[in-house]
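This report concerns only the one structure given below.
Fair warning: this is a prediction, and the values are worked out from it, not measured in the lab.
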Amino acid sequence: RGYTPLHAACEHGAPLGVVAALLRVWPDAAKEEDKFGSTPFHYACLRATPLEVIILLLNTWLSYTENRTESAITTLQRDDFNLTSDAEMLFSHLFALYNNNADNPSPNEIIDYFIHIEVWNGATLVLERHPTVFKTMGLDTKVMADFLSTVGRCCRLTTMWGGECSVMNRIYWRVYSASLVPVILHGRVLFYFLSSRHVLLH
């Protein structure tokens, strides 16, 4: 616990390459808190950090289950944040999952937005809160592999399938043309895509 090199990089506006390199070396630094309870992501939000860096940090931060909760998300609602307009749009979609404002985008609109800007763990968060959304999604096959890979790592099996196995089966087989191989390893289900080398863990 403490002020990490990633904290320093985010505080001083390091570019995407530097932030990405630090996360590769120490990914858990994304959730480390300093003595004030602030993560590197909090520091980045204080200084109009470019959206690409915000997305990288948010994706990493949301990859931890404990951060995909209402109490964790509300720590991002701070008056001292200095966000770009693009980042403000991202935050508004994130917060819309936890309030009941009449003008909020729908869960489908939120997940479409997250997928469009490749906030994959934001899409995971939507599915965890609204599992039935998957049934109405019309994902382009070009993004399906990344989406399923990330959601598979983060969601429970019951969240992904949502009681609608036939729907998921149709999606998998349509996209991968019989290349999906289920494997059981150490009590976990692994879906291995032969054509893309993506693996989903449950």
Side-chain angles (χ1 to χ4, degrees), residues 1-16 18-20 22-23 26-134 137 146-147 150-151 153-156 159:
R1 182 184 179 91
Y3 188 82
T4 69
L6 186 59
H7 281 85
C10 293
E11 182 177 16
H12 296 288
L16 178 64
V18 172
V19 174
L22 289 171
L23 283 171
W26 186 7
D28 283 353
K31 64 175 183 176
E32 288 292 315
E33 297 180 350
D34 65 9
K35 63 181 180 180
F36 304 109
S38 295
T39 67
F41 184 56
H42 289 105
Y43 276 87
C45 293
L46 292 172
R47 51 169 302 120
T49 298
L51 182 64
E52 58 186 6
V53 177
I54 292 292
I55 287 174
L56 174 62
L57 290 166
L58 180 61
N59 260 326
T60 307
W61 188 76
L62 287 174
S63 69
Y64 298 95
T65 305
E66 64 268 26
N67 291 333
R68 297 197 305 274
T69 63
E70 183 172 3
S71 59
I73 297 299
T74 55
T75 68
L76 304 178
Q77 293 180 301
R78 288 173 42 169
D79 294 334
D80 58 343
F81 279 175
N82 180 23
L83 302 172
T84 65
S85 58
D86 288 340
E88 286 182 350
M89 176 70 72
L90 169 57
F91 273 57
S92 69
H93 280 76
L94 184 64
F95 297 148
L97 292 170
Y98 295 95
N99 61 53
N100 298 314
N101 294 342
D103 57 349
N104 276 347
S106 69
N108 284 80
E109 291 171 328
I110 295 172
I111 201 168
D112 284 346
Y113 170 78
F114 284 150
I115 290 171
H116 176 70
I117 65 172
E118 298 186 6
V119 180
W120 303 113
N121 288 319
T124 297
L125 183 62
V126 179
L127 283 181
E128 287 179 337
R129 291 188 62 80
H130 304 280
T132 58
V133 166
F134 204 102
M137 291 172 62
D146 285 335
F147 176 73
T150 299
V151 172
R153 288 195 300 271
C154 297
C155 283
R156 298 187 303 273
T159 298

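Between atom CH2 of residue W61 and atom CZ of residue R68 there is a gap of 10.5 Å, rounded to the nearest 0.5 Å. With rounding to the nearest 0.5 angstrom, the CG atom of D34 is 8.5 Å from the OG1 atom of T39. From L16, atom CG reaches atom OG1 of T49 across 11.0 Å, with rounding to the nearest 0.5 Å. Interatomic distance, L62 CG to K31 NZ, rounded to the nearest 0.5 Å: 13.0 Å. Atom-to-atom distance recorded for F114:CZ and L97:CG is 6.0 Å, nearest 0.5 angstrom. Within the model, atoms CG of D86 and CD1 of I54 stand 11.0 Å from one another, a figure rounded to the nearest 0.5 Å.
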Between V119 and Y113, is the side-chain contact (heavy atoms from CB on, under 4.5 Å) condition met? List the steps. CA-CA 8 Å; V119 180; Y113 170 78; over 6 Å; no
Are W26 and E32 close enough, and set up right, to give a side-chain contact (heavy atoms from CB on, under 4.5 Å), and what steps lead you there? CA-CA 10 Å; W26 186 7; E32 288 292 315; 4.0 Å; yes
Chi angles and distances behind the side-chain contact (heavy atoms from CB on, under 4.5 Å) call for E128, T124: CA-CA 6 Å; E128 287 179 337; T124 297; 4.0 Å; yes
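Nearest heavy atoms, A48 versus T84: O-CG2, 3.7 Å. What you find for P40 and C10 is that their closest heavy atoms are O-CB, 3.4 Å. The two residues A8 and Y3 have their closest heavy-atom pair at CA-OH, 3.1 Å. Nearest heavy atom pair, residue L46 against residue F81, reads CD2-CD2, 3.8 Å. Minimum heavy-atom separation, L22 to A9: CD1-CB, 3.6 Å. Nearest approach of A14 to V53, heavy atoms of both residues: O-CG2, 4.5 Å.
Listed by chain and residue number, N99, D103, N104 satisfy the side chain to side chain contact (heavy atoms under 4.5 Å, CB included) test with N101 (two or more places apart in sequence, or in another chain).
At distances below 3.5 Å, at least one donor-acceptor pair connects side-chain atoms of H7 with backbone N or O atoms of T4. For the pair N121 (side chain) and T60 (backbone), a donor-acceptor distance under 3.5 Å is absent. At distances below 3.5 Å, not a single donor-acceptor pair connects side-chain atoms of H130 with backbone N or O atoms of S106.
Side-chain contact check for Y43 versus S38: some heavy-atom pair is nearer than 4.5 Å.
Pairs passing the salt bridge (Lys or Arg N to Asp or Glu O under 4.0 Å) check and including a residue from residues 69-79, sequence neighbours excluded, read R78-D80.
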Distance-only check: which donor-acceptor pairs under 3.5 Å involve side-chain atoms of residues 87-95, not counting sequence neighbours?
| residue | atom | partner | partner atom | Å |
| --- | --- | --- | --- | --- |
| S92 | OG | M89 | O | 2.7 |
| H93 | ND1 | M89 | O | 2.9 |

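Of the residues L58, L6, L56, the one that meets the side chain to side chain contact (heavy atoms under 4.5 Å, CB included) test with F41 is L58.
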